[in-house]
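Here is how names work: the chains are called A, B, and so on, in the same order as the sequence lines, proteins then strands, and each is numbered from 1.
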Amino acid sequence: MCAECDTKIPGKASDAFGIPTYDAHTIEEKWQKVWSEENVFATSAVSDKPKKYVLEMFPYPSGDLHMGHARNYTIGDAMARQARMRGFDVLHPMGFDAFGLPAENAAIKHNTQASAWTYKNMDQAIATMRRMGFSYDPNTLIKTCDPEYYKWGQWMFLKMWEKGLAYRATSPVNWCPSCNTVLANEQVVDGKCWRCGSIPQKRELSQWYLRITDYAQELLDGLDNLEGWPESVKQMQRNWIGRSEGAEIKFALAADDGVTPTDRLITVFTTRADTIFGVSFFVLPPESPLAAELVAGTEYEAAYLELKAATERVSSVDRQGSEREKNGVFSGRYVINPLTHKPAPIWIADYILMDYGTGAVMGVPCGDQRDFDFARKYGLPIPPIICEQDDPLYEELKDQKDMVIDNVSWDHAMAAEGYLVQSGEFTGLKGGKHSEAVAAIIEKLEELGIGKETVQFRLRDWLISRQRYWGNPIPMTHCDCCGDVPVPYEELPVQLPASLDLGKGETLAAYAPFYETTCPKCGKPAHRITDTMDTFTCSSWYYLRYCDPHNSELPFAKDKANHWMPVDNYIGGIEHAILHLLYSRFWTRVCRDLGLLNFDEPFTNLLCQGMVKDENGDVMSKSKGNVVPPSSVIEPYGADTMRLAILFIAPPEKDFDWDPKAVAGCNRFLKRAWRTVCTLAQTAKDEPFEIQNASKDSKALWREINRCIQKCTFDFDRMQFNTAIAAIMELANAADDYIAAVPAAERDEALSFICASSLVRALAPICPHWAEELWHEQLGQTTFVYCAPWPDYDEEAAKADEVEIAVQVTGKVRTHIMMPREAAKDELEAAALAAASRWIEGKQVIKVICVPGSLVNIVAK
RNA sequence: GGGAGCGUGGCGGAAUUGGCAGACGCAGUUGACUUAAAAUCAACCGCCCGAAAGGCUUGUGGGUUCGAGUCCCACCGCUCCUACCA
């Protein structure tokens with residue numbers, strides 16, 4: 001910059017001391033061009049070095065990248081670059097999750113093609129990635145909407161079909177009326193569509209599923225071994241899989257007299273078999289076909305139909321929540337309790353779900369709050385069958401022969417812990433989930449052949465059909481005589497037609513050139529399946545394709561996947577804790593069982609980065625108008641300041657509030673450290689440092705260098721970039737102290753070089769352009785700093801010869817003494833006692849604790 | 001209702017895992033340079049009392065220990081996830 005008029009002076013500006021100005025834009029453009037031309041980010045050749053696969057979750061190209069992407073990719077890029085410097089073979093790829101509904105909506109709005117919109121956005125995102133200096137191998141750039149990629153998704157679908165892992169079924173599904181498609185269970189978030197927030201409707205449709213429930217137990221067990229995953233994510237997956245241990249129990253339907261058991265059995269699932277003596281009613285959901293059958297043609301039918309209609313009118317979001325009042329009607333029929341042989345009335349109620357367990361529940365108001373609420377509302381009995389041992393009720397009821405059927409003083413169900421009463425031979429046993437009472441009663445039921453121990457999962461099969469255009473077509477045909485017939489492998493991929501006019505409302509289902517086909521089996525005219533696959537199928541295996549991105553024979557070669565996988569560091573947002581991360585764990589296991597690879601888990605270490613919020617701690621959003629685009633930092637300060645700020649302001653897993661002042665502070669540091677390196681470079685010589693003859697100042701700086709690199713190396717390993725940067729700042733401060741204290745002519749040339757080169761290399765993964773420029777122009781290096789070795793450190797050299805020892809008297813720091821680092825315990829003790837004489841005078845020293853190199857605690861009374 | 005996590009200066013956050021709390025940075029105060037401002041540089045910067053010596057301090061209360069931000073128990077507060085899942 002010109003000091004007078006603030007315009008930029010072309011060429012290399014420098015100050016009175018011959019130090020060039022730090023001009024971020026010029027050097028960033030310069031090195032981005034060189035890196036690209038020299039193809040320096042190509043994946044390292046497979047060698048005998050250890051491998052490291054660093055992966056950031058690929059973006060959906062909905063526009064340009066935002067701060068969340070910038071943070072995600074900066075973390076990964078720093079990891080990948082440092083791993084390369086540490087001597088790993090590194091795979092660091094990037095691509096795009098390019099199928100999806102926003103492209104269709106944009107195409108309609110702007111009267112263009114979904115593909116055109118998608119490719120344009122991808123180009124823009126690629127340009128921003130380049131401007132950020134990210135080190136992606138361009139050879140791995142996968143776009144999931146390319147036929148070379150989605151062909152293999154279809155291929156794997158067919159393999160799953162052959163193994164029975166893909167199937168078609170008709171069942172009630174979540175239909176989003178705004179997106180005009182069905183949604184997977186995982187995609188109904190808070191009772192709303194995950195994408196648009198509309199409330200899905202239940203529809204009975206024939207849809208395609210992947211059998212993820214076959215892997216429920218394995219997916220659950222696998223979590224225990226994922227030590228590199230955040231506990232919160234593992235817990236979310238555990239909850240989602242939702243394993244419940246319990247029992248299935250058969251209740252006989254009573255004949256019309258209400259007391260005589262018939263042969264017709266109705267099965268319930270319960271986790272609380274111990275409470276079976278407290279069953280005072282029985283409940284079916286309104287959607288239950290059995291419920292409809294029981295009331296058909298009876299006086300109860302009208303009330304039932306009304307309840308059913310009312311339930312259907314209530315949206316699923318309103319039906320959820322325990323606050324909602326429970327509604328039910330009596331069916332007129334009874335079941336017989338298999339242990340008490342007493343009848344219980346069958347009710348039909350809206351708080352029971354058709355698709356969990358067996359779709360029938362035994363009502364135990366004493367042990368379950370929901371059943372309790374329902375019983376109170378409809379005046380059903382609440383027989384006490386469980387209570388605390390110190391409750392007077394316990395003594396009263398434990399030997400009771402005739403059933404006491406209610407205790408009107410109760411206002412809520414009993415807590416889980418308690419002991420059984422009024423429960424026949426089981427009275428006195430401890431009840432609760434997994435209790436001895438549960439075990440005893442299940443044993444009894446099994447003996448009688450009317451029940452068995454069983455495990456229930458909450459996880460449902462993965463519904464992958466989408467009635468949308470911009471996705472991967474399901475490679476199946478339907479023939480009137482042969483049924484569902486797979487498209488032969490040699491005809492893959494089933495190509496998406498490019499010319500669909502979405503603006504005119506054309507859909508795949510109504511587009512004859514797409515759906516008209518012939519049956520691969522019998523050759524007669526047939527109908528192509530027009531559903532496309534959920535985009536989460538595309539993102540469930542992209543990390544495998546990166547290992548072998550151009551394979552035309554297979555999705556990926558087994559040896560390449562086995563070499564690079566699993567991903568060593570996977571970085572992305574917590575919003576994928578269930579959806580993407582669970583699907584990918586499933587898909588990897590399917591690939592394993594198809595013989596495509598040899599491991600179970602795709603991601604060894606997972607880092608969920610926190611959100612980037614605005615200055616007030618609010619989430620950035622277009623509607624709030626508080627979005628800070630990456631360009632607003634890159635333009636004034638450059639990409640290196642942006643990268644430094646993102647990593648320095650907060651640890652990666654925490655949310656961070658955008659603070660423009662702190663960003664300016666990071667830019668200030670880069671400028672200051674630039675001057676520090678340039679100043680050191682003026683007296684630098686690349687030769688070994690001789691510590692023996694070094695001055696006191698030199699020795700101190702040498703120690704700081706080693707301390708900094710040790711700390712930095714440790715912090716990179718645990719991905720705590722904020723403290724790594726703090727250590728680099730400390731070294732820069734120490735170097736400034738050295739420069740201030742020692743005149744240029746007296747500076748140690750070897751040390752000057754080592755210090756400058758350590759600063760440059762330690763910061764290189766974080767601020768690569770800054771480092772590359774100084775590495776070449778100030779330190780005269782000819783290789784790329786990207787390929788330079790990570791600086792070494794000497795643990796011994798990082799320690800001071802003389803250390804300050806804290807002297808405590810009974811746990812309180814009173815004074816400090818300087819001691820040689822290797823001082824023996826008795827020396828330390830003697831020195832400390834002398835130094836602390838003031839505080840221990842007249843007291844008796846009971847004992848002295850010496851922690852070498854740190855402190856002495858004198859316990860005195 | 002169930003689960004997970006967190007609580008440290010004015011702010012973001014450190015603390016080598018039981019050993020000197022507050023690293024590093026932001027903000028702030030004072031000074032230098034400047035006609036002035038910005039930028040830059042230097043010093044200060046948890047709270048209280050004080051002339052000094054000192055005392056207090058990691059949400060609150062208790063415990064273990066020579067020693068606790070860190071471990072244990074109880075409570076208070078916040079955040080996220082999940083939910084008529086039987």
Please list, pair by pair, any protein nitrogen or oxygen found under 3.5 Å from a nitrogen or oxygen in nucleotides 65-67 of chain B.
residue: rC66(B); atom: O2'; partner: Asn857(A); partner atom: ND2; Å: 3.3
residue: rC66(B); atom: O2; partner: Asn857(A); partner atom: ND2; Å: 2.6

Using a 4.0 Å heavy-atom cut-off, does [X] contact any base of the nucleic acid, only the sugar-phosphate backbone, or nothing at all?
X: Arg460(A); answer: nothing
X: Asp657(A); answer: nothing
X: Pro651(A); answer: sugar-phosphate

Quiz prompt | Watson-Crick/G-U partner (both atom distances under 3.5 Å) of rC75(B) | solution = rG59(B)

Quiz prompt | Complement of rA42(B), any strand, by Watson-Crick or G-U distances under 3.5 angstrom | solution = rU30(B)

Quiz item: So which one's nearest nucleotide on RNA chain B is more toward 5', Thr358(A) or His816(A)?
Solution: His816(A)

Expected list for residues 844-860 of chain A: side-chain donor-acceptor pairs under 3.5 angstrom, two or more places apart:
residue: Asn857(A); atom: OD1; partner: Thr810(A); partner atom: N; Å: 3.4
residue: Asn857(A); atom: OD1; partner: Gly811(A); partner atom: N; Å: 2.9

Quiz item: Given rC24(B), rA86(B), rG13(B), which nucleotide is nearest the side-chain atoms of Ser244(A)?
Solution: rA86(B)

Exercise. Select one nucleotide: of rC26(B), rA86(B), rG19(B), the one nearest the side-chain heavy atoms of Lys661(A).
Key: rC26(B)

Practice problem: Return each pair, listed once, that meets salt bridge (charged side-chain N to carboxylate O under 4.0 Å, His left out) where at least one residue sits in residues 651-669 of chain A; pairs must be two or more places apart or across chains. | Solution: Lys613(A)-Asp655(A)

Quiz item: Restricting to pairs with a member in residues 451-462 of chain A, which pass salt bridge (charged side-chain N to carboxylate O under 4.0 Å, His left out), not counting sequence neighbours?
Solution: none

Only pairs under 3.5 Å count here: list side-chain donor-acceptor contacts from residues 732-740 of chain A, not counting sequence neighbours, and write none if there are none.
residue: Asn733(A); atom: OD1; partner: Arg672(A); partner atom: NH1; Å: 3.4
residue: Asn733(A); atom: OD1; partner: Arg672(A); partner atom: NH2; Å: 3.0
residue: Asn733(A); atom: ND2; partner: Met729(A); partner atom: O; Å: 3.4
residue: Asp736(A); atom: OD1; partner: Thr676(A); partner atom: OG1; Å: 2.8
residue: Asp736(A); atom: OD2; partner: Arg672(A); partner atom: NH1; Å: 2.8
residue: Tyr738(A); atom: OH; partner: Ser698(A); partner atom: OG; Å: 3.2
residue: Tyr738(A); atom: OH; partner: Asp748(A); partner atom: N; Å: 3.0

Exercise. Please name all residues satisfying side chain to side chain contact (heavy atoms under 4.5 Å, CB included) with Ala744(A), sequence neighbours left out, ordered by chain then number.
Key: Thr683(A), Arg747(A)

